[in-house]
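Numbers for residues simply follow the sequence, beginning at 1. None of the values given here were measured: they were computed from a predicted structure. Start at 1 and go down the list; that is how both ligands and their atoms are numbered.
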Amino acid sequence: MASAPRAPLYLGLDLSTQQLKAVVIDGELRVVHQSGVQFDAELHEFRTQGGVHIHADRLTVTSPVLMWVKALDLLLDKMKRAGLDFSRVRALSGSGQQHGSVFWRRGASETLKHLDPDQDLHQLLQDSFSVSDSPVWMDSSSTQQCEDLQAAAGGALRLAEITGSRAYERFTGNQIAKLHQTRAEEFQDTERISLVSSFAASLFLGGYAAIDYSDGSGMNLLDIRTRNWSEICLQATAPHLDQLLGAPLPSTSVLGPVSSYFVHRYGFSESCSVVAFTGDNPASLAGMRLQPGDVAVSLGTSDTVFLWLQQPRPALEGHVFCNPVEQQEYMALLCFKNGSLTRERVRNECAGASWELFSTALSDTPLGNHGNIGFYFETMEITPPVIGVHRFDSADCEVSSLSPQVEVRAVVEGQFLSRRLHAERLGYSIIPGTRVLATGGASSNKEILQVLSDVFNAPVYTIDLSDSTCLGSAYRALHGLVAESRASFFDVVKKAPEPRLVATPHPKAKEVYDKLLKRYALLEERVVQKSHS
Ligand SMILES: O=C(CO)[C@@H](O)[C@H](O)CF
């Protein structure tokens, strides 16, 4: 059913690792438009792989910030050509890959304020960034800065108590510290530092957008209880950081009207509101309308497991972020770097680059995979921090290879055993009645979700759109308009379609995977010890 011609629309964007996506909903929360730009395929002049550049040291990982700018030009042109009436967009919001950072050159705020609508953003902002290769969440090169920050804060656990996480290499504060130490001239030429989320919001705002509490929780700089920058952490990171970052704001904040550039170039209404952008995982929590007691499993470039927390429970593993939709509450998250790119590599090598054959391999191999277990940490993993590929047979003997079909099941079972093991270690036990909400690209594959249901011994649900992050941003755009009146996010989006049950655990699942999980934990410890020896 089409929306009425002048009925308001709400735009949600997601600037993720491999692509820029958009979803448009109407006032009934129906998706009326989707679009996207794939970085590798449509912006190949930037020569990224999976949207990033992995540097020769195999630890430094960056993305060209002008690729993200040009992707927005392409996306809005695509949406305009597809006939989207931007004048109906009442509010827009968005999300970005977490932890990444953008360094605006001195003078860029003036350029942002006076964008010429006859030119594209990519041309206008060519000289607006002091750092052209933005550090992103896949980077693992700031270990020294992590150690220094933990020492300054009083140790790893103290830092976790303050910021929600011990120091992690990908977290923005440590990346800023490294850049300040190793690229002093570029740092000196910087007048503002944004997250990927607030950078995208700045483009629409025509000025520097505030960092929101939720994505700001992924920097090792924000005190998650006071929701202000931690002085100890700022001081330990770089000079004048409070000025470079600006004051953080609630994730529901209306930042202002869209800039005149978008009014004149694309026909946005002058009254279209820009609602604070946030991180991709917090936006996904919103898109799935995650409730306390649910467990979300996002299967994207990174795999993440996240859930709703009423009170922060920081630990030495995983993260606590401010909740993006309930300002006084929190969310817990575990991140696994070797996610979809690892599944795709095994698909290419063991299933003829076909998802159908990949799914057939899963259907044709038994629960527990005859005791074979695999660890596929092709790049430095985050949870646990280890690199290497290791395969073990049913007698816990390391083997050099598995048959193609067994390897397919081993990568999927191994990833899900790891997600479950580390979630349970954080006290997030999967109890009867727990709903597992799956999202992200791989959540459209029923056989992969069947393995998830079996390993977690829980029913798995999905929402119609595998892209909960964009949908969550569109929901947040709508909610931002009424948040000041204290309207709850859940009231505003209660008409959204309910998650759909797509897999229930096999009767033997609990017996098989409770046992296999114990072996997995011992073997993972062995792999970690071996990689640190
Ligand atoms: O590092 C992560 C979360 O902490 C990843 O999920 C990124 O947000 C992916 F873009």
Side-chain angles (χ1 to χ4, degrees), residues 13-21 39 48 50-52 61-63 68 71 94-102 134-142 146 160 163-175 195-200 211-212 214-222 224 277-288 296-307 314-315 317-322 324 330-342 379-385 415 418-419 422-423 426 439-443 467-470 472-473:
L13 298 119
D14 179 36
L15 183 46
S16 67
T17 312
Q18 301 188 58
Q19 55 192 325
L20 171 64
K21 298 165 281 184
F39 302 141
T48 54
V52 301
V61 184
T62 61
S63 288
W68 294 334
S95 61
Q97 53 176 294
Q98 291 187 261
H99 318 300
S101 45
V102 172
S134 279
V136 293
W137 69 276
M138 292 171 71
D139 185 287
S140 310
S141 67
S142 62
C146 288
T163 69
S165 305
R166 69 166 170 79
Y168 280 88
E169 281 76 2
R170 70 190 195 282
F171 274 41
T172 325
N174 306 306
Q175 292 294 330
L195 291 177
V196 174
S197 55
S198 57
F199 149 76
I211 289 172
D212 79 298
S214 195
D215 207 15
S217 310
M219 301 171 76
N220 276 150
L221 295 175
L222 187 79
I224 58 170
F277 285 34
T278 191
D280 55 353
N281 292 291
S284 181
L285 176 144
M288 291 195 287
V297 178
S298 174
L299 301 171
T301 311
S302 69
D303 283 355
T304 58
V305 175
F306 54 88
L307 30 81
E317 188 173 71
H319 316 291
V320 175
F321 302 140
C322 296
Y330 297 85
M331 67 180 279
L333 182 133
L334 278 166
C335 181
F336 304 85
K337 188 190 293 187
N338 294 279
S340 66
L341 298 175
T342 301
T379 57
M380 178 56 79
E381 183 46 71
I382 295 164
T383 312
Q415 288 182 329
S418 172
R419 285 39 165 168
H422 290 277
L426 280 180
T439 186
S443 69
D467 183 356
S468 58
T469 304
C470 265
S473 295

Distance, nearest 0.5 Å, that separates [atom1] of [X] from [atom2] of [Y]:
X	Y	atom1	atom2	answer
Leu195	Asp215	CG	CG	5.0 Å
Gln415	Asn338	CD	CG	8.0 Å
Ser63	Gln18	OG	CD	10.0 Å
Arg170	Met138	CZ	CE	11.5 Å

- Item | Polar atom proximity, Asn281 to ligand 1 (N or O, under 3.5 Å) | yes
Got the closest protein heavy atom to [atom], with its distance?
atom	value
atom 5 (C) of ligand 1	Ser302 OG, 3.4 Å
atom 10 (F) of ligand 1	Asp280 OD2, 2.8 Å
atom 1 (O) of ligand 1	Arg170 NE, 2.8 Å

Pull out every atom of ligand 1 sitting under 4.0 Å from any heavy atom of [X], numbered as shown with elements.
X	answer
Gln97	10 (F)
Gln98	3 (C), 7 (C), 8 (O), 10 (F)
His99	1 (O), 2 (C), 3 (C), 4 (O)
Thr17	10 (F)
Thr304	6 (O)
Leu333	3 (C), 4 (O)

- Could you tell me if the ring centre of His99 sits under 6.0 Å from that of Tyr168?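 Ring-ring flag for His99/Tyr168: false, centres at least 6.0 Å apart.
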- Message: Does only the side chain of Thr301 get under 4.0 Å from ligand 1, or the backbone, or both, or neither? Count heavy atoms.
- Response: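 The answer is neither.
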Are [X] and [Y] close enough that some pair of their side-chain heavy atoms sits under 4.5 Å apart?
X	Y	result
His319	Phe306	no
Thr301	Gln97	no
Trp68	Phe39	yes

